[in-house]
Amino acid sequence: MSVAVELLPPGQRARRTRVMESALVLAAEGGYDAVQMRDVAAGAQVALGTIYRYFASKDHLLAECLLENWRETERRLDRRPLVGTTAVERVSDLVHRFMRGIERSPALAAALVTASSSPDPAVRDCQIEQTAIEDSLLVRAMGGPAVDGAAARARTLRWVWFATLLGWVNGWHDLAFVQHEFDAAVRFVLADLS
């Protein structure tokens, strides 16, 4: 159940945005478990049923929030391009920017990763679009689709990124490990582009 946001009347778009903002506040304050739909509705000043017009579940709501974050990252990169003269430097800059956001609000980041990895069928469209954006940004950071094996390299780096983040969410390691492992993967996967 995906809502074509651009087709919603302005009032509905505003309500949907308030719902997402309310969920983000709750997740930032208390993580995944703190996001209860009744509390989201109260924070957004909407009826509980209104939330379900736009989002099939809590996981769907939070996955949409993460997807919007990736969309915004895409827009920001148009205004503030990646730094670096090599593919390794630019890809590292991209992930370091995202890591700063995670470090600023770890409870929120953990909630978004948890929801976006959900097997909930309502999350599937978000997962598909999110991975497409991530791959596109990684390919862009590498130097574009003309780079030999760019799509495969991007997928590999995305998988390392996701696996280490999921490990962090589950308490297997800390954020320093996530950064270290991703940096190592970037150097390995992009070694011939340095």
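Heavy atoms only: backbone and side chains are in, while hydrogens, waters and symmetry mates are out.
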| field | Given V189, V139, L94, V95, the one that forms side chain to side chain contact (heavy atoms under 4.5 Å, CB included) with L157 | value | V189

| message | Under 4.5 Å between side-chain heavy atoms, counting indirect links through other Ile/Leu/Val/Met/Phe/Trp/Tyr residues: same cluster for F177 and V186 or not? | response | no

| task | Using modelled atom types only, decide if a donor and an acceptor are shared between the side chain of Q127 and the backbone of S118 within a distance under 3.5 Å. | result | yes

| task | Nearest 0.5 Å please: distance from the CD atom of E68 over to the CG atom of L24. | result | 10.0 Å

| Can you find a heavy atom in the side chain of L62 that is under 4.5 Å from one in the side chain of Y32? | yes

| Side chains of F98 and W70 in contact at under 4.5 Å (non-hydrogen atoms) | yes

| said: According to a hydrophobic-cluster definition based on side-chain heavy atoms being under 4.5 Å apart (Ile, Leu, Val, Met, Phe, Trp, Tyr only), do L112 and V123 belong together? | reply: no

| task | Taking all non-hydrogen atoms of both residues into account, name the closest pair between R97 and P81 and its distance. | result | NH2-O, 2.8 Å

| task | Quick one: do L165 and V178 satisfy side chain to side chain contact (heavy atoms under 4.5 Å, CB included)? Show the steps, please. | result | CA-CA 6 Å; L165 275 179; V178 172; 4.1 Å; yes

| field | Other residues, nucleotides, ligands: >12 heavy atoms within 6.0 Å of Q45 CD | value | no

| query | Does the K58 side chain pair with the main chain of Q36, one donor and one acceptor, at a distance under 3.5 Å? | reply | no

| said: Please say yes or no: joined through hydrophobic side-chain contacts below 4.5 Å, possibly via intermediate residues, are V91 and I102 part of one cluster? | reply: yes

| Are V160 and L175 connected in the hydrophobic side-chain network, where two residues link if heavy atoms are under 4.5 Å apart? | yes

| Any side-chain heavy atom of N170 sitting closer than 4.5 Å to one from L166? | yes

| request: Supply the atom-to-atom distance F162 CZ to S117 OG, rounded to the nearest 0.5 angstrom. | output: 4.5 Å

| remark: NE2 (H96) and CG (L82) are apart, to the nearest 0.5 Å, by 11.5 Å

| field | Single-linkage hydrophobic cluster, 4.5 Å side-chain cutoff, F188 and V147 together | value | yes

| message | Using side chain to side chain contact (heavy atoms under 4.5 Å, CB included), reason through Y54 and R15 one step at a time and then give a plain yes or no. | response | CA-CA 10 Å; Y54 310 113; R15 278 190 293 280; 4.0 Å; yes

| query | Is it true that atom CZ of R124 has more than 12 heavy atoms of other residues, nucleotides or ligands lying nearer than 6.0 Å? | reply | no

| message | For A176, is there any backbone N or O sitting under 3.5 Å from a side-chain donor or acceptor partner on Q179? | response | no

| field | salt bridge (Lys or Arg N to Asp or Glu O under 4.0 Å) partners of residues 19-32, not counting sequence neighbours, each pair once | value | none

| request: Please check if the side chain of R90 supplies one atom and the backbone of T85 the other of a donor-acceptor pair under 3.5 Å. | output: yes

| said: If you count heavy atoms of other groups shown closer than 6.0 angstrom to NE2 of H173, is the number above 12? | reply: yes

| Sub-3.5 Å donor-acceptor pair from the side chain of D93 to the main-chain atoms of E89, do we have one? | no

| query | If you round to the nearest 0.5 Å, how far is OH of Y52 from CG of L61? | reply | 9.0 Å

| Roughly how far apart are I51 CD1 and S22 OG, rounded to 0.5 Å? | 7.0 Å

| said: Minimum heavy-atom separation for M142 and A154, please, with both atom names. | reply: CE-N, 3.5 Å

| remark: Smallest heavy-atom separation, V19 atom then V46 atom, equals CG2-CG2, 3.9 Å

| task | Please test R53 against Q12 for side chain to side chain contact (heavy atoms under 4.5 Å, CB included), starting from the C-alpha separation and ending with a verdict. | result | CA-CA 10 Å; R53 285 188 197 146; Q12 288 185 22; 5.9 Å; no

| query | Just wondering, do S92 and F182 contact through their side chains at under 4.5 Å, heavy atoms? | reply | no

| remark: Here the pair of heavy atoms bringing C126 nearest to E64 is SG-OE2, 3.4 Å

| field | Electrostatic pair R187-D183, nearest N-O below 4.0 angstrom | value | no

| request: Could you name each residue pair satisfying salt bridge (Lys or Arg N to Asp or Glu O under 4.0 Å) that touches residues 129-152, not counting sequence neighbours? | output: R71-E129, D78-R140, D135-R158

| query | Nearest heavy-atom pair of A111 and A27: which atoms, and what distance? | reply | CB-CB, 3.8 Å

| field | Salt bridge R75-E72, side-chain N to carboxylate O under 4.0 Å | value | yes

| Donor-acceptor contact below 3.5 Å, side chain T114 vs main chain A110 | yes

| note | On a heavy-atom basis, the closest approach of A150 and G144 is CB-O, 3.8 Å

| message | If I take atom NE2 from residue H60 and atom CG from residue D120, how far apart are they, to the nearest 0.5 angstrom? | response | 8.0 Å

| request: Using atom types as modelled and distance alone, determine if a side-chain donor or acceptor of T164 lies under 3.5 Å from a backbone N or O of W161. | output: yes

| Do we see a donor-acceptor contact under 3.5 Å between the side chains of T156 and R153? | no

| Under 6.0 Å from the CZ atom of R100, do we count more than 12 heavy atoms belonging to anything else shown? | yes

